[in-house]
Asker: 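Please read through the structure below; I'll follow up with questions.
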2 protein chains.
Amino acid sequence: MNPLDFVSGAAVVRASTPAACERCGSRVVGVCAALDIAGLDEISHETRRTPVKARESLFREGDPASSIVMLMNGTAKLSRLMPDGRQQVLGFRFSGDIMGFTQGRMYASDAEMLTDGNICRMTRPQLEAMLERFPATQRRLIDLCAQELALTQDQLVTVGRRHAEQRVAAFVLSLAEAARRRGTPPSLFDMPMTRAEIGDLLGLALETVSRAFTALRKRGLVRELGGHKVELPDMAALAALADGDG
Amino acid sequence: MNPLDFVSGAAVVRASTPAACERCGSRVVGVCAALDIAGLDEISHETRRTPVKARESLFREGDPASSIVMLMNGTAKLSRLMPDGRQQVLGFRFSGDIMGFTQGRMYASDAEMLTDGNICRMTRPQLEAMLERFPATQRRLIDLCAQELALTQDQLVTVGRRHAEQRVAAFVLSLAEAARRRGTPPSLFDMPMTRAEIGDLLGLALETVSRAFTALRKRGLVRELGGHKVELPDMAALAALADGDG
DNA sequence: CGGGTGTTTGACAGAAGTCAAGTGCAGTGG
DNA sequence: CCACTGCACTTGACTTCTGTCAAACACCCG
């Protein structure tokens with residue numbers, strides 16, 4: 001497996017036919033990427049771009065899945081709560097990702113912002129109407145799901161078969177890959193999540209995550225610049241380590 | 001999380017309008033469940049029911065994803081190979097499940113039969129044609145994907161946040177749930193996989209799996225009857241244990 | 001009946017979790 | 001402007017769980 005593919009389950013796909021969306025911002029993302037200008041215009045009447053703040057909850061596990069959320073800006077966290085109070089982070093999401101789409105009637109996870117940002121909500125009926133009216137968006141939703149599934153499976157491999165340091169290496173590489181997809185430099189990016197949240201993603205204690213970062217820092221594979229900025233001087237070596245050759 | 005929902009990532013959905021499929025057998029499964037009699041008739045011209053034997057490979061990771069496979073009968077294993085030779089089992093599949101659907105051009109995992117069985121293959125062009133001709137199958141594919149995604153996330157919770165014995169408890173409960181969906185008694189089912197394969201699913205060594213089974217047997221929560229038959233005398237207690245109350 | 005595969009069990013080593021203390025940093029308020 | 005306070009992070013010591021290695025056993029298939 002290529003650790004660059006691991007990522008935190010993000011379903012990021014760029015618009016194939018870039019077009020401006022007045023309400024949602026300049027980039028066309030998520031399912032809407034399949035829409036032409038006319039379709040976008042129709043949809044944009046019904047969705048609103050709204051600012052959200054760090055730590056704000058977007059939806060909760062078990063709540064009725066009344067709408068899907070497109071993340072226009074910022075970073076979010078998807079997680080589930082265990083009965084004993086601990087949480088499993090399912091993945092982090094970035095601008096361009098969609099969240100909250102489910103087959104069932106309820107959300108399958110919590111979603112919470114890690115940073116300030118902007119979202120667009122589309123209600124379930126609006127989504128259904130769009131799928132009906134623009135069949136191309138159906139195929140797109142299938143692709144988004146299939147891709148997200150593949151990425152979740154990748155994470156399963158990471159959590160199931162890698163040691164602590166390898167998991168953290170794979171994790172930072174996934175952030176790099178997510179940055180690349182957003183069109184920003186992959187070797188220098190933001191990492192707004194805490195050690196505890198990373199641990200809950202990777203199935204590790206926060207102290208173990210901290211020790212792994214220290215080890216990677218000492219090897220010169222990861223550099224933390226302050227302000228949650230991270231630099232990866234040697235991504236190839238990091239990938240080798242993640243795959244067990246380190 | 002409900003441990004009964006954990007399962008091995010199976011996307012099992014019964015036909016809402018049961019109808020006979022001459023080529024594939026008596027039950028209508030997978031995407032085809034959305035088809036009416038006329039559609040089934042049309043499709044059935046192009047797919048063939050073929051017997052497969054235990055340990056036979058259905059497709060391999062990295063091969064061109066030329067067809068999807070509907071498992072009519074028997075049990076299969078989906079897995080990925082790590083660079084160091086170890087494998088991560090992504091899930092087990094049962095009669096009624098579909099395998100090999102992917103957004104990319106290649107299969108994302110290996111698929112191998114654990115038992116003798118029967119499959120139907122549908123080529124990619126056939127699938128595309130069906131999706132085009134019968135839009136209802138598109139919605140069905142979305143649902144199958146979304147459901148499979150949710151189940152894979154469940155497994156992530158299991159592997160990431162549970163101890164060995166809890167994982168094994170969650171695993172046998174998932175087999176029970178899969179049996180229930182197939183319409184067979186949930187407290188008595190086949191378990192054709194080896195301890196090593198269970199370990200590769202749960203991120204455990206085979207010895208650890210064996211010890212966990214011994215412990216569950218001693219507690220009277222699991223009974224192995226020979227011939228790969230397993231009985232669960234107290235599923236509620238098992239669920240409590242899986243959730244950490246044990 | 002025999003051989004191979006899968007399973008169980010034990011002893012030990014090693015990785016990660018837990019508990020605890022101390023450090024650093026950022027935002028707040030005087 | 002600076003001290004204070006709270007949170008996140010780091011580091012150490014110790015414990016516990018799981019992995020590894022090894023041997024014996026059980027079971028199924030030929």
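Proteins get letters first, then strands, A, B, ... in listed order; numbering begins at 1 in each.
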Asker: Taking the six-membered ring of Phe213(A) as reference, does the cationic atom of Arg195(A) (NZ for Lys, CZ for Arg) lie under 6.0 Å from its centre and within 45° of its axis?
Answerer: yes
Asker: Less than 4.0 Å between a side-chain N and a carboxylate O, is that true for Asp243(A) and Arg162(A)?
Answerer: yes
Asker: Using the salt bridge (charged side-chain N to carboxylate O under 4.0 Å, His left out) criterion, which residues pair with Glu112(B)? Sequence neighbours excluded.
Answerer: none
Asker: How long is the line joining CE of Met191(B) and P of dT7(C), in whole Å?
Answerer: 8 Å
Asker: Evaluate the criterion side chain to side chain donor-acceptor pair (under 3.5 Å) for residue pair Gln87(B) and Arg80(B); output intermediate values, then yes/no.
Answerer: CA-CA 6 Å; Gln87(B) 70 172 353; Arg80(B) 286 207 196 154; over 6 Å; no
Asker: What is the distance, rounded to the nearest whole Å, between atom CZ of Arg195(B) and atom C1' of dC25(D)?
Answerer: 14 Å
Asker: For the pair made of CG in Asp200(A) and P in dA8(D), what is the distance, rounded to whole Å?
Answerer: 13 Å
Asker: Rounded to whole angstrom units, what separation is found between the CD1 atom of Ile198(B) and the C1' atom of dT8(C)?
Answerer: 14 Å
Asker: Just how far, in rounded Å, is P of dC9(D) from CE of Met193(A)?
Answerer: 11 Å
Asker: Are Glu207(B) and Arg211(B) within salt-bridge range, i.e. N to O under 4.0 Å?
Answerer: no
Asker: Please give, in whole Å, the distance from dC9(D) C1' to Arg217(A) CZ?
Answerer: 9 Å
Asker: Could you run down nucleotides 14-22 of chain D 5' to 3' and tag each one B, S or - for protein heavy-atom contact under 4.0 Å?
Answerer: ----SSBB-
Asker: Rounded to whole angstroms, how far apart are CG on Leu216(B) and P on dT7(C)?
Answerer: 15 Å
Asker: So what does Ser210(A) touch, heavy atoms closer than 4.0 Å: a base, only the sugar-phosphate, or nothing?
Answerer: base
Asker: Quick test of your reading of the model: are Arg182(B) and Glu177(B) salt-bridged, counting only N-O distances below 4.0 Å?
Answerer: no
Asker: Closer to the 5' end of DNA chain C via nearest nucleotide, is it Thr214(B) or Arg55(B)?
Answerer: Arg55(B)
